[in-house]
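The block underneath contains the structure these notes are about, expressed in structure tokens.
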Amino acid sequence: MSRQKKSSLKHHQDRWGMLFVLPALLFFSLFNFYPIFNALFTSLFRKKVLSLKPPTFIGLENYTYLLTSADFWNSIRATAVFTLGTFVPLLIVSLLLAVFISQVKRGRKFLQLAYYSPAVLSSVVAAAIWLLIFDPRGLANQWVNAILMTPGVDHNWFSNSYMVQFATMLVYFWKYVGYFIIIFIAGIASIPVTLYEAARIDGSGNWQSFWKITLPLLRPTVVLVSIMSMLQCLKTFSTQYLFTQSGAPQGPINVITMNIYNTGIRDHRIGRASAMSIILFVIMLFFTWLQFKTTKSDEVTY
């Protein structure tokens, strides 16, 4: 076949490929890009959800209000505390457990299933389960009292500001650690066994193999998990909302997403809520870019 015919055939295949992909691209754009641009547009107006009056254009007034609002900066603090307190343990523990499970010869499938099972639950169901555990007569107090040998003590999981922050972190850690373990196990499985055998012949121990082989070759998977877990933490909502509805103080766990909900749905200030959502989007975009920039996940070759 001549070069001209090959080029014509490739062009024909590309055209059909774009035709088949186009519906998915339109669907993705409609439900992902349109809400972003609509929120950006709405954030420039003073608009109430149930008001029949036309929205008033106010430019960047919503943003200037938020940047001088103590309530919004408290939401930034609550989101940062939750993200750091959940993201770092998720990344480290899921990696270590994945390495451990990968070395287990018997019961590996059971461990994977056991750790992954909370991930199939919705966030609402997971929070509801832990509401029962954190009850004064629940398992959380019983476990802690058994460890500390302090029978009958209520550790105030919902009334103490520090404990309620720790409780929300614990719920998210329990729910998502198994999901990231499975991703890490898949990454470890892609590393050739011959590298470990060669290292073992050279006298390398398990700890040295982890630092010299597993961790460097898992860099793309680490970047993927770190970005996914960070974004998951930044957009947390269900646990904090259910906890506050059950009597927990709102201030310590008033993350940005919950503030967006309260501002837009409860207070009907949809313009200000849209401005908050745009700020959250920029924060997520910035930290995603920062992780790509700092880690520089190059293609791994064996």
Side-chain angles (χ1 to χ4, degrees), residues 31-32 35-36 39 74-95 97-98 112-135 138-140 143 157-184 224-266 273-274 276-277 279-281 283-285 287-288:
F31 291 96
N32 287 274
I36 295 173
N74 176 66
S75 293
I76 294 287
R77 180 208 57 79
T79 305
V81 169
F82 176 83
T83 301
L84 288 175
T86 311
F87 160 70
V88 176
L90 264 179
L91 185 63
I92 296 175
V93 175
S94 61
L95 174 59
L97 286 175
Q112 292 182 29
L113 180 63
Y115 279 111
Y116 183 75
S117 55
V120 303
L121 300 175
S122 69
S123 298
V124 175
V125 173
I129 292 172
W130 282 89
L131 280 173
L132 299 176
I133 295 176
F134 290 134
D135 185 86
L139 292 174
W143 291 337
W157 296 94
F158 290 148
S159 58
N160 184 282
S161 60
Y162 296 105
M163 293 301 289
V164 74
Q165 291 179 81
F166 176 72
T168 56
M169 297 174 192
L170 190 59
V171 174
Y172 254 68
F173 178 85
W174 172 80
K175 176 171 167 50
Y176 289 105
V177 66
Y179 177 75
F180 296 122
I181 285 174
I182 298 300
I183 296 178
F184 274 128
L224 173 65
V225 170
S226 64
I227 292 174
M228 291 177 64
S229 58
M230 181 199 63
L231 295 180
Q232 191 66 44
C233 292
L234 285 173
K235 65 180 185 179
T236 176
F237 171 75
S238 307
T239 303
Q240 286 80 0
Y241 177 77
L242 285 177
F243 276 26
T244 54
Q245 294 301 305
S246 301
Q250 180 173 311
I253 55 174
N254 188 26
V255 291
I256 299 178
T257 49
M258 195 164 71
N259 203 346
I260 292 171
Y261 172 83
N262 289 330
T263 303
I265 305 302
R266 185 192 63 189
S274 297
M276 274 192 278
S277 66
I279 293 175
L280 177 60
F281 172 74
I283 291 173
M284 296 171 70
L285 200 63
F287 280 109
T288 302

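Please read all numbers here as calculations on a predicted model, not as lab measurements. Computed from heavy atoms alone, side chains included, the values below leave out hydrogens, waters and symmetry copies. Numbering of residues begins at 1 and proceeds along the displayed sequence.
Across all non-hydrogen atoms, the minimal contact from Ala127 to Phe243 is O-CE1, 4.0 Å. For the pair Ala39 and Ser274, the tightest heavy-atom approach, listed with the atom from each and the gap, is O-CB, 3.4 Å. Minimum interatomic distance between Asn160 and Tyr162 (heavy atoms only, all atoms of both residues): OD1-N, 2.9 Å.
Rounded to the nearest 0.5 Å, atoms CE (Met169) and CZ (Phe166) are 8.5 Å apart. A distance of 4.5 Å separates CZ in Phe134 from CG in Leu170, rounded to the nearest 0.5 Å. Here CH2 of Trp157 is found 4.0 Å from CE of Met163. Values are rounded to the nearest 0.5 Å. Taken from CG in Leu224 to CZ in Phe184, the straight-line distance is 8.5 Å, to the nearest 0.5 Å. Here Trp143 contributes atom CH2 and Ile133 contributes atom CD1; the two are 5.0 Å apart, rounded to the nearest 0.5 Å. The line from OG1 of Thr168 to OH of Tyr172 is 9.5 Å long, rounded to the nearest 0.5 Å.
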I'd like a table of donor-acceptor pairs (distance under 3.5 Å, sequence neighbours excluded) in which one partner is a side-chain atom from residues 77-88, with atom names and distances.
unit_1 : atom_1 : unit_2 : atom_2 : d
Arg77  : NE     : Asn74  : OD1    : 3.3
Arg77  : NH2    : Asn74  : OD1    : 3.3
Arg77  : NH2    : Pro252 : O      : 3.4
Thr79  : OG1    : Ser75  : O      : 2.7
Thr79  : OG1    : Ile256 : N      : 3.0
Thr83  : OG1    : Thr79  : O      : 2.7
Thr86  : OG1    : Phe82  : O      : 2.8

Distance-only donor-acceptor hits, side chain of residues 173-182, under 3.5 Å, sequence neighbours excluded:
unit_1 : atom_1 : unit_2 : atom_2 : d
Lys175 : NZ     : Ala119 : O      : 3.4
Lys175 : NZ     : Leu121 : O      : 2.2
Tyr176 : OH     : Gln232 : NE2    : 2.9

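For the side-chain hydrogen bond (donor to acceptor under 3.5 Å, both in side chains) condition, the pairs that include at least one residue of residues 240-251, sequence neighbours left out, are Thr236-Gln240.
Contact check for Asn254 versus Asn262: side-chain heavy atoms found under the 4.5 Å cut-off. Counting only heavy atoms from C-beta outward, the side chains of Ile227 and Leu231 approach each other to under 4.5 Å. With contacts defined as side-chain heavy-atom distances shorter than 4.5 Å, the pair Leu91/Met230 does not qualify. Val225 is not listed as a side-chain neighbour of Leu95, based on a closest heavy-atom distance of 4.5 Å or more.
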Exercise for the section: Go through the steps for Ile283 and Ile76 under the test side-chain contact (heavy atoms from CB on, under 4.5 Å), then give the verdict. Expected result: CA-CA 10 Å; Ile283 291 173; Ile76 294 287; 3.9 Å; yes

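The local environment of CZ in Phe287 is sparse, with at most 12 non-hydrogen atoms from other residues, nucleotides or ligands closer than 6.0 Å.
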